Protein chains: 2
Amino acid sequence: MIMPSLRDTDPRHLAALVAVADHGTFARAAQALGFTQSAVSQQIAQLERAAGVALFDRPKGPRPAEFTSTGQIVLEWARRSLARVDQMDAQLDLLRRGRSGQLIVGTFQSASAELLPNILGAMRDHVPDVDVQLDETDDLDALMREVLQDEIDLAFTIDADDDPRIEIDLLGYDPFVVLAPAERPARQFVTVADLNTRPLIGQPGDETGQRLIDQRLTGAGISPDYAYRFRNNAAVQSMVRSGMGWAVMPSLAVDHDDPDIAVLRLDPPLHPRAIQLIRRSGRTLLPAAADFRSIAKKVGRGLLEARA
Amino acid sequence: MIMPSLRDTDPRHLAALVAVADHGTFARAAQALGFTQSAVSQQIAQLERAAGVALFDRPKGPRPAEFTSTGQIVLEWARRSLARVDQMDAQLDLLRRGRSGQLIVGTFQSASAELLPNILGAMRDHVPDVDVQLDETDDLDALMREVLQDEIDLAFTIDADDDPRIEIDLLGYDPFVVLAPAERPARQFVTVADLNTRPLIGQPGDETGQRLIDQRLTGAGISPDYAYRFRNNAAVQSMVRSGMGWAVMPSLAVDHDDPDIAVLRLDPPLHPRAIQLIRRSGRTLLPAAADFRSIAKKVGRGLLEARA
DNA sequence: GCATGATCATCAGAATAGCTGATCACTATG
DNA sequence: CATAGTGATCAGCTATTCTGATGATCATGC
């Protein structure tokens, strides 16, 4: 060994030093470590060679070697160094089990409202020490971009096109429904054509969600004409409640517990939007992220099928 | 490797991980480390085996491997772990050069007054980062005990007997002088017999220093009779100044700049006390302690011979 | 389309490092 | 003076680790 640097020193050598400190003699340290006295002697010798200083005074008799002042200092460093390795080991163990880690998930309004609380609840039960951070925006393209740039681990999205750069999990389908003021007797179904008999309330045209709805309606043969537009989902619903008009909304975005609102199904239905979870392809997920994914799929199945 | 623990992981493997992070590809990392690409590949592979998790995603083409989320976490740990080893290395380097370390030196009043400031000044000039802590007591036996029990690295002492358990360096001889009120014309010399013509001022009989003086005086044929006793050297000198009597004191303990005090030499002189530096035998000194020792010997030679 | 060049993995063999087991030297203790 | 316990040392075996060559894969450029 030309270069006497601890950079090339086996942790075992440090462990030997600590063991000698803890057990008093080379022989007992060796026994504790499962080595022979010879091995420990050589380990310490190499450590001293690497350090370039004597770490022990050897009394040359039947008395144990004792640490020099330098040796005591090195001993403390060795303890701390090994402690750090052990910490890393423990952290890694948590990581392997998916019980730790910082997870960043991209999401948007309607996913956040219904899907996420259920998923996060299950995560808390299952892997309580995972720190899930949310990155919420309604710009789905931005989410996609962040996934591709590894800025976020996972993202919810809607109707994502096949793309070799990402892998897509389908969580379920979110049907489009019509919101109308509650009436008696309540209707169950409306047709697309019925929509043009009432003023329509929607979101601004730059909203990703609204564009999706307009595409669907155009595809179904009508060109919607919005009397009022509000950015917030709840505001739209509120307007419907006060009788200003009807609204077409994805089911997940609707507050189904509102007694003043009738949720009507379209017949024939619009093609429902696909709620998906995307991740960058070819990337190994953090174990915690893999947990999130399987939980999301399970929750999505329950939530979205029940409402289909 | 049955036990996948990082405890058995060479720092080089961690260094490889960091190098890959810093240089982008296995091959460049290998070059930076002075290894072949094959070696780095195997190091990383073993690291992944030990960690039990994938640390890299391999895109299987001409594009470099990229860290997984887990890999990034492990990378940070590796950096910190290596930083610690490097810190230890740097510390050790300072230690080797005697430029660092915590030194505890036992000392007593008269050594502290004159000798120590000079030694500590030289230490500061020579090895500025050594932390010299002082353990001051006037119980020389206590100092000896602390040396034997490795509680202190070095200790000043006086007239220590040969003892196989300690090694003694003679710093110099400190003559005994007589303090008298300044008179004109000032006398230069007094005899031991003259002492009994004046009231004597001394320290309490339990003081190690006082016992030494009494031994010397008894050996010289007189039995001193103290009119007043004060524990503090300065107090004794103050009493002499105000004309209460004479005092026999070791030269090192005297404030020679006091204009109201005449420092008289004994003729024939009492056998001077030997100022020594002791350390436990068979123990390797901290390099900084070795420096302290050689500086102390040099300073002692200068200071004590000049006053002999 | 096909060659080129870059990626990392893999394998066999050589070099190195590490451990064992036996032995030696030393000395405090009884 | 024999005993017992200390660590050092040495030779030889084993395990690890590096090298050097090769393989597999695929993006890029001609």
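Order of the sequence lines sets the chain letters (A, B, ...), proteins ahead of strands, with each chain counted from 1. Just so you know, these numbers come straight off a predicted model, no measurement behind them.
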Next item on the list: Send over the distance from Leu47(A) CG to dA8(D) P, rounded to a whole Å.
Entry: 13 Å
Note to self: Has Thr284(A) got a side-chain atom pairing as donor or acceptor with Asp57(B)'s backbone, closer than 3.5 angstrom?
What the structure shows: no
Notebook entry, point to check: Should Glu76(A) and Gln72(A) be marked as a side chain to side chain contact (heavy atoms under 4.5 Å, CB included) after you check the CA-CA gap, both sets of side-chain angles, and the distance that decides it?
Noted result: CA-CA 6 Å; Glu76(A) 287 317 306; Gln72(A) 287 172 13; over 6 Å; no
Notebook entry, point to check: Nucleotide by nucleotide, 5' to 3', does protein get under 4.0 Å of the base (B), only the sugar-phosphate (S), or neither (-) in nucleotides 23-30 of chain C, counting heavy atoms?
Noted result: ---BBS--
Next item on the list: Spell out, as yes or no, whether a donor-acceptor pair under 3.5 Å connects the side chain of Gln133(B) to the backbone of Val105(B).
Entry: no
Next item on the list: Look at the rings of Phe67(A) and Phe56(A) and say which category their plane angle falls in: under 30° parallel, 30 to 60° tilted, over 60° perpendicular.
Entry: tilted
Check: Reckon Ser38(B) has a side-chain N or O less than 4.0 Å from the OP1 or OP2 of dG20(D)?
Finding: no
Note to self: Pick the closest DNA chain D nucleotide for Pro64(A) and for Gln42(B) by heavy atoms, then say which residue is nearer the 5' end.
What the structure shows: Pro64(A)
Next item on the list: Quickly, which of Leu154(B), Val147(B), Leu143(B) forms a side-chain contact (heavy atoms from CB on, under 4.5 Å) with Ile278(B)? Name it, please.
Entry: Val147(B)
Checklist line | Which atom of Val40(B) lies closest to which atom of Ala29(B), heavy atoms considered | finding: CG2-C, 4.5 Å
Next item on the list: Determine whether Ser69(B) and Asp153(A) make a side-chain contact, defined as any pair of heavy atoms from C-beta on separated by less than 4.5 Å.
Entry: yes
Next item on the list: List the steps and the verdict of salt bridge (Lys or Arg N to Asp or Glu O under 4.0 Å) for Asp93(B) and Arg99(B).
Entry: CA-CA 8 Å; Asp93(B) 196 53; Arg99(B) 309 204 136 268; over 6 Å; no
Checklist line | Below 4.0 Å: OP1/OP2 of dG18(C) and any side-chain N or O of Gln46(A) | finding: yes
Item checked: Arg12(A) side chain near dA17(C) phosphate (N/O to OP1/OP2, under 4.0 Å) -> no
Margin query: Any residue in residues 18-34 of chain B with a heavy atom nearer than 4.0 angstrom to DNA chain D? Just list them by number, or reply none.
Written below: Gly34(B)
Next item on the list: May I ask you to verify if any side-chain N or O of Thr36(A) is less than 4.0 angstrom from the OP1 or OP2 atom of dC19(C)?
Entry: no
